[in-house]
There are 2 protein chains.
Amino acid sequence: MQPAPHVHTVRIEPLKAACTSCNLRELCLPVGMSDHQLDQLEQMVSVRRTVARGEALFRTGDTFNSLYAVRTGFFKTCVTSEDGRDQVTGFQMAGELLGLDGIGTELHTCDAVALEDSNVCVIPFHQLEELSREFSDLQRQLHRVMSREIVREHGVMLLLGSMRAEERLAAFLLNLTQRLRARGFSATELVLRMTREEIGSYLGLKLETVSRAFSKLQDDGALEVKQRQIKLLDPAALQALVDGSAC
Amino acid sequence: MQPAPHVHTVRIEPLKAACTSCNLRELCLPVGMSDHQLDQLEQMVSVRRTVARGEALFRTGDTFNSLYAVRTGFFKTCVTSEDGRDQVTGFQMAGELLGLDGIGTELHTCDAVALEDSNVCVIPFHQLEELSREFSDLQRQLHRVMSREIVREHGVMLLLGSMRAEERLAAFLLNLTQRLRARGFSATELVLRMTREEIGSYLGLKLETVSRAFSKLQDDGALEVKQRQIKLLDPAALQALVDGSAC
DNA sequence: CGCGAGCTTGATGCCGATCAATGCATGTGG
DNA sequence: CCACATGCATTGATCGGCATCAAGCTCGCG
């Protein structure tokens, strides 16, 4: 857990390479920074943590110390109400940030669970704040990331509040493929990392309904579904669903 | 619309008084600050804007320059999808912040509409960023506000994803009264500033369903409903609904 | 006074939840 | 290697909650 001395023997190149295609690269890459600042940045994110599939990176109630940037793997975040109602609030892939929920109260307010063996950069938050006071580009990037998370959640609220099952699934799949494409993966083929139940929780549906929606989209020729292997045959049709032209 | 010179003739004292009970007071009140810093802060938030009932403070697509702190009045924010689907994403009262959605893209991504004649503090964002680099308490408070907004939205997602109509309404009313109480108002009586349709949009329900839910809660003795005048007769029962004990 | 926006209430139908059975892939132990 | 268990997915049948359609109702206001 602690940044042990030997960490400094880790070659830096692989890290930089990974960050090149990272949403958060401006949090950890030299954008017009002095050597001194660069040193500080690299030190700050030099701690890694691996999380086995099914394990939690943090849980509701854990004290908040750090943000986490996903290096490899896949996570879900979920909130749980008093009575045990459970809601997946998001899925995070490489280059995305976890832990913003904890800043407000110094306690995490959701669980972050790895859906496959994963590896994250640990970003001690008070160090990040300190550095972002010195370096305005870093500050701006942090604010952007938080703002975009707020906007993303607005989109989910729209989805949960006004879309029907197939529309929700279409929106979900398009969002996933778009994010995968930004990372150099196919825009039309993907392997789901989560179960139907987790998709359902995220979309406000039961797993049976998710399954039926998959089948329906497949029957309509928009998808090819083989368990968790999905092929988008007609992305435009999916987009039309989301845009409501199919009313 | 423009901050005209005469704005500076506005007396400062009323502002301080208003901010005392303000959620955001640490953004604009002297918390161990030097006189110099204090001057800067006061200057930064010295511009006001009034927004008449039904008018927009900003709209989707407007360029983002400032955050806005509600001084008096009441707002709703709503996002609109391509096809005209509409979703109220929040209601803001005195002391709450508007505009965080615009930081990420430099464009506002939702509409902020006044539900009654309102008055806001204009907080130029780049000035706020600058000042928050100098003053860590300010920085921390800004981060907290953004994080809490993220957490709030998690709660709304839980509501939209897994609660039934009456539970949603109960959660909504309890949330409203809690925020009103924090501002010195009654914890049991309130006057709704929004229509049934706007409540419905926020809760992912149609206005008829909202109306029926009000009637049901009234029949059950939990509420007294007279148009927009609401009295909570049995807050515990409402809380029990939200907590799911009524399954 | 009468208009209109917003609210309530009723009747009906549909979408998705629920209950239940089956299918399919992976893994484990005999 | 097969038998069986287990977890996940699919599909069908039925049910219920909310949407929809359709009347009235209330209240504020010109």
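Since the model is a prediction, treat every value here as computed from it, not as a measurement. Per chain, numbering begins at 1; letters A, B, ... match sequence-line order.
- The residues Arg59(B) and Asp111(B) are annotated as salt-bridged, a charged nitrogen and a carboxylate oxygen being separated by less than 4.0 angstrom.
- Thr80(B) and Asp86(B) share a donor-acceptor pair across their side chains, judged by distance under 3.5 Å alone.
- Residue-to-nucleotide proximity on DNA chain C shows that, of Thr195(B) and Arg168(A), the 5′-proximal contact is made by Thr195(B).
- Under the 4.0 Å criterion applied to side-chain N and carboxylate O atoms, Glu224(A) and Lys226(A) are assigned as salt-bridge partners.
- Regarding contacts with the backbone of dC8(D), every side-chain N or O of Arg228(A) stays at 4.0 angstrom or more from both OP1 and OP2.
- Under 4.0 Å is where a charged nitrogen must lie from a carboxylate oxygen, and between Glu116(B) and Arg193(B) at least one such pair does.
- Aromatic ring orientation, Phe64(A) versus His108(A): perpendicular (interplanar angle above 60°, classes split at 30° and 60°).
- Atom NZ in Lys226(B) sits roughly 17 Å away from atom C1' in dG28(D) (whole-Å rounding).
- Salt-bridge check for Glu96(A) with Arg148(A): failed, with every basic side-chain N at 4.0 Å or more from each acidic carboxylate O.
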Tabulate atom names and distances for all N/O pairs under 3.5 angstrom spanning the protein and nucleotides 16-21 of chain D.
unit_1, atom_1, unit_2, atom_2, d
dC18(D), OP1, Ala165(B), N, 2.9
dA19(D), OP1, Lys206(B), N, 3.2
dA19(D), OP2, Lys206(B), N, 3.3
dA19(D), OP2, Thr209(B), OG1, 2.1
dT20(D), O4, Arg212(B), NH2, 2.9
dC21(D), N4, Glu208(B), OE2, 3.4

List, with names and distances, any nitrogen or oxygen atoms from the protein found under 3.5 Å away from nitrogen or oxygen atoms belonging to nucleotides 24-26 of chain D.
none

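- If you measure from atom CG of Leu192(B) to atom P of dC27(D), you get 16 Å, rounded to the nearest angstrom.
- There is a side-chain donor-acceptor pair under 3.5 Å between Arg71(A) and Asn119(A).
- Taking atom CG of residue Asp219(B) and atom C1' of nucleotide dT9(C), one finds them 12 Å apart after rounding to whole Å.
- dA17(C) atom P lies 11 Å from atom CG of Leu203(A), rounded to whole Å.
- Phe214(A) places its CZ atom 15 Å from the P atom of dC8(D), with the value rounded to the nearest Å.
- Counting only distance, with no hydrogens or angles, the side chain of Arg228(B) and the backbone of Val225(B) share no donor-acceptor pair below 3.5 Å.
- Counting to the nearest Å, the C1' atom of dT10(D) and the CD atom of Glu197(A) are 15 Å from each other.
- Distance, Lys216(B) NZ to dT8(C) C1': 17 Å, rounded to whole Å.
- Ring-centre distance between Phe75(B) and Phe91(B): not below the 6.0 Å cut-off.
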